[in-house]
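Each remark here refers to the structure printed beneath this line.
Indexing begins at 1, ligand by ligand and atom by atom, following the structure's order.
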Amino acid sequence: MEQLTPTKLHRDAIRNALQAVRTRTLELFANLDFNTVCTQAHPDFSPVGWHLGHIAFTEGLWILEHLKGESPLYPQYRKLFAADILPKPERQNLPDMATILAYLHDIRSQVFAYLEIAPLEKQTRLWWWLLQHECQHSETMSLILQLQQLKTLPPYPITPSTTTREVIADMVKIPEGTFMMGSKVNPQDNARPRHWVDLDQYWLDRYPVTCGQYRKFIEAGGYQTRQWWSKEGWQWRQTHPVAHPLYWSESQEWDDHPVYGVNWYEAEAYANFVGKRLPTEAEWEKAARYHPHSEQATTYPWGEATPKPDHGNLNNQIGQTTPVNAYPEGKSHLGCYDLLGNVWEWTASWFSPYPDFESYPDRGYSEAYFDNQHRVLRGGSWATRPYAIESSWRNWYYPHLRQLFAGFRCAKSITT
Ligand code: AVJ
Ligand code: FE
């Protein structure tokens, strides 16, 4: 029998994970007509079919060219599928679906052939980074598909474990003191390095803000009331005649689900309306991993176990939001729900480097976005793959974007 060395196990783990993620990626394309594949749903997003080609391109670039030392493959796709060459509207002129799929399959079989002999000891980070890259694009494809259909799905029939508005309005007290922020094992450059952060005590919402809560803001004329908005927020609001989130239903059936389809300005305005504020990302992260007894920061809110379906609304397992108290197994040590999964959460922080940041795999990945124009989101949504989720994970987007699976929760300082 073949001996199972640690490297063999590792090779198998990487291959299985890449394969599992690919299966889910391709599921998104079942029954899509080509017009949907190659048309932009929104100016800020590339066509969904472009993402598929870009996944293959990125795999070829980093594994076959960079690690294996192969000369550029498919030079005809270099310009089209690179992340930073063509403007998004010019990414609609795509090869047909069969051609994109053949490209994807050919790159993948070359990558798997190389994986058998690759010196993994030196390459682990890049392989896991690549896996997370496909995971991230898979979520973007999910939100593009939702945009293209722009429909509201019926609420998923989950009976929340507890359902009183009192519970949902609750806040959790996060104790003062230091915690270790960031990660030394997360492949993402922007999550490194680990560093100590000292915070005063503060309140954080136990749950993301729900549609029922947000409805009060709408009904109080929040979208028309200058006082709740910042200068930039009001500017956005005046140039965009909206009066509710992008994804919104009048039905009260959704009242226990998190609000989403709001941009950063809407989140900020709501927080002002209720006399709270958005948490900084450090405040969010401490609540999502700090254990008050061990005083350690865990990888996930619930500890170290890899995410399972019971931990949260992840991995497109349901395909839409769920009530904010539906996943008690995913609670943080301090008692916050739904930190990972369901909806991403806007934070008050600009996307910026941690002390001693080092770019990986290149400056275009994170460093190009340290421009004080992107806000950090934390936590992940129902469409986030479990390989691309942990308490240290940072996501970033322009504050005006409402096309994301993103909501928020609020914080409040404790003054003594
Ligand atoms: C972190 C989701 C904003 O998709 O634009 C993917 C991640 N970077 N390929 C994006 C990313 C390069 C990025 N986000
Ligand atoms: Fe990419």
Could you please tell me which protein N, O or S atoms lie under 2.8 Å from the Fe ion (ligand 2)? His54 NE2, His133 NE2, His137 NE2

What about Tyr103 and Phe57, are their ring centers closer than 6.0 Å? no

Tyr214-Phe217 aromatic ring centre distance below 6.0 Å: yes

Going by the angle between their ring planes, with limits at 30° and 60°, are Tyr360 and Trp129 parallel, tilted or perpendicular? perpendicular

How are the rings of Tyr354 and His195 set to each other: parallel, tilted or perpendicular (split at 30° and 60°)? tilted

Report all N/O contacts between ligand 1 and the protein shorter than 3.5 Å as a table of atom names and distances to 0.1 Å; if there are none, say 'none'.
residue  : atom  : partner : partner atom : Å
ligand 1 : 9 (N) : His133  : NE2          : 3.1
ligand 1 : 9 (N) : His137  : NE2          : 3.0

For Arg378 and Glu345, what are the C-alpha separation, side-chain angles and deciding distance, and is it a salt bridge (Lys or Arg N to Asp or Glu O under 4.0 Å)? CA-CA 5 Å; Arg378 292 303 201 107; Glu345 299 177 20; over 6 Å; no

Cation-pi between Arg375 and Trp396: NZ/CZ under 6.0 Å from ring centre and within 45° of the ring axis? no

Looking at Arg11 and Glu116, is there a salt bridge between them, counting it only when a charged N and a carboxylate O are closer than 4.0 Å? no

Is it the case that over 12 heavy atoms from other parts of the model lie below 6.0 angstrom from the CG atom of Asp356? no

Would you tell me whether Trp236 and His240 have side-chain atoms, one donor and one acceptor, within less than 3.5 Å of each other? yes

